[in-house]
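All remarks here apply to the structure that follows.
Chain identifiers are assigned alphabetically (A, B, ...) following the order of the sequence lines, protein sequences preceding nucleic acid strands; residue numbering begins at 1 within each chain.
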Protein chains: 2
Amino acid sequence: MAEIQVPDMVVARLPLYLRALSHMEREGTAVTSSHELATHLGLSPAQIRKDLSYFGRFGKQGTGYDVANLRARLTKILNVDRTWAMALVGAGALGLALVHYGGFQERGFYIACVFDSDPEKIGRDVAGYTVLPSDTIAEEIPHRGISIGVIAVPAEAAQAVALQLVEAGIKAILNYAPISLAVPSGVRVQQIDPVVYLQQMTFYLGSGSASQA
Amino acid sequence: MAEIQVPDMVVARLPLYLRALSHMEREGTAVTSSHELATHLGLSPAQIRKDLSYFGRFGKQGTGYDVANLRARLTKILNVDRTWAMALVGAGALGLALVHYGGFQERGFYIACVFDSDPEKIGRDVAGYTVLPSDTIAEEIPHRGISIGVIAVPAEAAQAVALQLVEAGIKAILNYAPISLAVPSGVRVQQIDPVVYLQQMTFYLGSGSASQA
DNA sequence: TAGATTGTTAATCGATTAACAATC
DNA sequence: TAGATTGTTAATCGATTAACAATC
């Protein structure tokens, strides 16, 4: 079965298309075009058509794309026509914010359980979750159908947690700790470090606009 | 003055180099090599040497790079050899977590003031900040030397907030709302939407490992 | 029909990699 | 010195764009 290899860059854009289409659908837009989508996302129309062509033919010449239909197709392609359970490790300030974040539920993800290694926190109730001890990750995760781990622990602890998650069978990790994780191939990691994004911008901002505190 | 144009992709990697070098420095590593850095970050040694070559010659043949020196150089290049003041808009759960996040201070950023549009929150104390009304953004930001805005409001409100920030002279926006922002050219936006990263991973996870709740 | 927009191919552009002389 | 690693050039690879026939 000669699968067409989809470039990573294309996969990275699909969630943006999905998000834009969901937005349009909520606004009541029934039909859109590669041009409209492109304007909305700051991309080129040709790129959007090319990206979509990896997966099929979803449009109609002269008309464009049916918003609801394309949204449904992308939902399937990204495997978010189902719900994904996630294990959150770290019940600190960030972990708490993640537990309260409504955006997961709306878009196909939910936190199934919360771990922490702090004896002060273990057993405590956090937003309806009983905090489980981190050293039970390997026991708890497998029989709960969890395939995604979210790391919200301090940088020093993150690598060890990542390995525990991998041992528990986790295949995808969303890492909020500001450190590069080493994981076996086959395990996907996505990193969210706000300072990395800020530093990308300050490069371009130059050393002007002084704000010495 | 014929500036050498640095590709965006290169700029995007510089903060990762800086983070890795800071880490090494804390660990007491005095010297490193393009090979070691590459292994650490999952890149190729040639790419790291090429990236650095846009900015100068920082290494020594046969030896590698002095960790402290390269870290200091990258810090300057990224303009984080100073402190950047940020305005946070949105004092909800996410805003609160951002206010408490220690990682900003450590790496050259700090939140200078917090805005919200909810009358319930305006005037209240949030982690030492008195919440200011969003409609005073244009007044408050200019005379505080703030050049970065952080948006942590619901998606519906994000675009309007972005425009307010731009009017106040903000040139860089870190956007946590799950929506693409339209801003004038010259204003940089970086988007952090965890679900976008999760969906990238679920594409590869396939539709296996059922976890229907 | 005339106008619009797709899907796709070929051309362009840019980024990554390989290789190696320079040199510590 | 011998071994190692840089900085840089040229070659390769891949992604984006332009263009257009197909067709709604």
Requested in this report: Return the value, rounded to whole Å, for the distance between atom CG of B:Leu14 and atom P of C:dA15.
Outcome: 14 Å
Query raised in the report: Rounded to the Å, how far apart are A:Lys50 NZ and C:dG7 P?
Result: 13 Å
Per-pair distances, 0.1 Å, donor-acceptor, side chain in residues 151-166 of chain B, under 3.5 Å, sequence neighbours excluded:
{"from": "B:Gln159", "atom 1": "OE1", "to": "B:Ala182", "atom 2": "N", "distance (Å)": "2.9"}
{"from": "B:Gln159", "atom 1": "NE2", "to": "B:Ala182", "atom 2": "O", "distance (Å)": "2.9"}
{"from": "B:Gln164", "atom 1": "NE2", "to": "B:Ser134", "atom 2": "O", "distance (Å)": "3.2"}

Ignoring hydrogens and angles, write down the donor-acceptor pairs under 3.5 Å from the side chains of residues 63-72 of chain B, residues two or more places apart or on other chains.
{"from": "B:Asp66", "atom 1": "OD2", "to": "B:Ala68", "atom 2": "N", "distance (Å)": "3.3"}
{"from": "B:Asp66", "atom 1": "OD2", "to": "B:Asn69", "atom 2": "N", "distance (Å)": "2.8"}
{"from": "B:Arg71", "atom 1": "NH1", "to": "B:Glu25", "atom 2": "OE1", "distance (Å)": "2.7"}
{"from": "B:Arg71", "atom 1": "NH1", "to": "B:Glu25", "atom 2": "OE2", "distance (Å)": "3.2"}

Report task. Apply side-chain contact (heavy atoms from CB on, under 4.5 Å) to A:Ala127 and list each qualifying residue two or more places apart in sequence or on a separate chain. Result -> A:Val99, A:His100
**Report entry** B:Arg73 CZ - D:dG7 P separation (whole Å)
**Finding:** 11 Å
Query - Between C:dT6 (P) and A:Asn69 (CG): distance, integer Å - result: 14 Å
Requested in this report: Take atom CD1 of B:Ile48 and atom C1' of D:dT5, then tell me their distance rounded to the nearest Å.
Outcome: 13 Å
Query raised in the report: Once Watson-Crick and G-U wobble pairs under 3.5 Å are found, how is DNA chain C written in dot-bracket notation, 5' to 3', with | for any base paired to another strand?
Result: ..||||||||||||||||||||||
Report summary line: Residues at least two apart in sequence or cross-chain that pass side chain to side chain donor-acceptor pair (under 3.5 Å) with A:Glu140, listed by chain then number, are A:Arg144
Query raised in the report: Of all the nucleotides listed (D:dT16, D:dA15, C:dC24), which has the minimum atom distance to the side chain of A:Pro7?
Result: D:dA15
Query raised in the report: Please give, in whole Å, the distance from C:dT6 P to A:Gln47 CD?
Result: 15 Å
**Report entry** Results of side-chain contact (heavy atoms from CB on, under 4.5 Å) for B:Glu167 - residues two or more places apart only
**Finding:** none
Polar atoms only, N or O, under 3.5 Å: list the protein pairs with nucleotides 19-23 of chain C and their distances.
{"from": "C:dA19", "atom 1": "N6", "to": "B:Arg49", "atom 2": "NH2", "distance (Å)": "3.3"}
{"from": "C:dT23", "atom 1": "O4'", "to": "B:Gln61", "atom 2": "NE2", "distance (Å)": "3.4"}

Query raised in the report: Which residue pairs satisfy the ring-ring contact (aromatic ring centres under 6.0 Å, His included) criterion with at least one member in residues 9-30 of chain B, sequence neighbours excluded?
Result: B:His23-B:His40
Query raised in the report: Heavy atom of residues 26-45 of chain B under 4.0 Å from DNA chain C: which residues?
Result: B:Ser44
**Report entry** Heavy-atom donor-acceptor pair, A:Thr202 side chain to A:Leu205 backbone, under 3.5 Å
**Finding:** no
Query - Options D:dG7, D:dT16, C:dC24, nucleotide nearest the side-chain atoms of B:Tyr65 - result: D:dG7
Query raised in the report: Which residue pairs pass the side chain to side chain donor-acceptor pair (under 3.5 Å) test when at least one of the two sits in residues 176-198 of chain A, sequence neighbours left out?
Result: A:Asn175-A:Gln191, A:Ser180-B:Arg19, A:Gln190-B:Gln200, A:Asp193-B:Arg19, A:Asp193-B:Arg107, A:Tyr197-B:Tyr197
Query raised in the report: Is there a side-chain polar atom (N or O) of A:Arg13 under 4.0 Å from OP1 or OP2 of D:dT16?
Result: yes
**Report entry** With sequence neighbours excluded, residues passing ring-ring contact (aromatic ring centres under 6.0 Å, His included) with B:Phe104
**Finding:** B:Tyr101
**Report entry** Pairs touching residues 27-38 of chain A that satisfy side chain to side chain donor-acceptor pair (under 3.5 Å), sequence neighbours left out
**Finding:** A:Thr32-A:Glu36, A:Ser34-A:Arg49
Query raised in the report: Taking CG from A:Asp66 and P from C:dT6, how many angstroms apart are they, rounded to a whole number?
Result: 13 Å
Report summary line: Separation of D:dT16 atom P from A:Tyr54 atom OH, nearest Å, is 8 Å
Query - Close side-chain approach of A:Pro194 to B:Ile192, heavy-atom, < 4.5 Å - result: yes
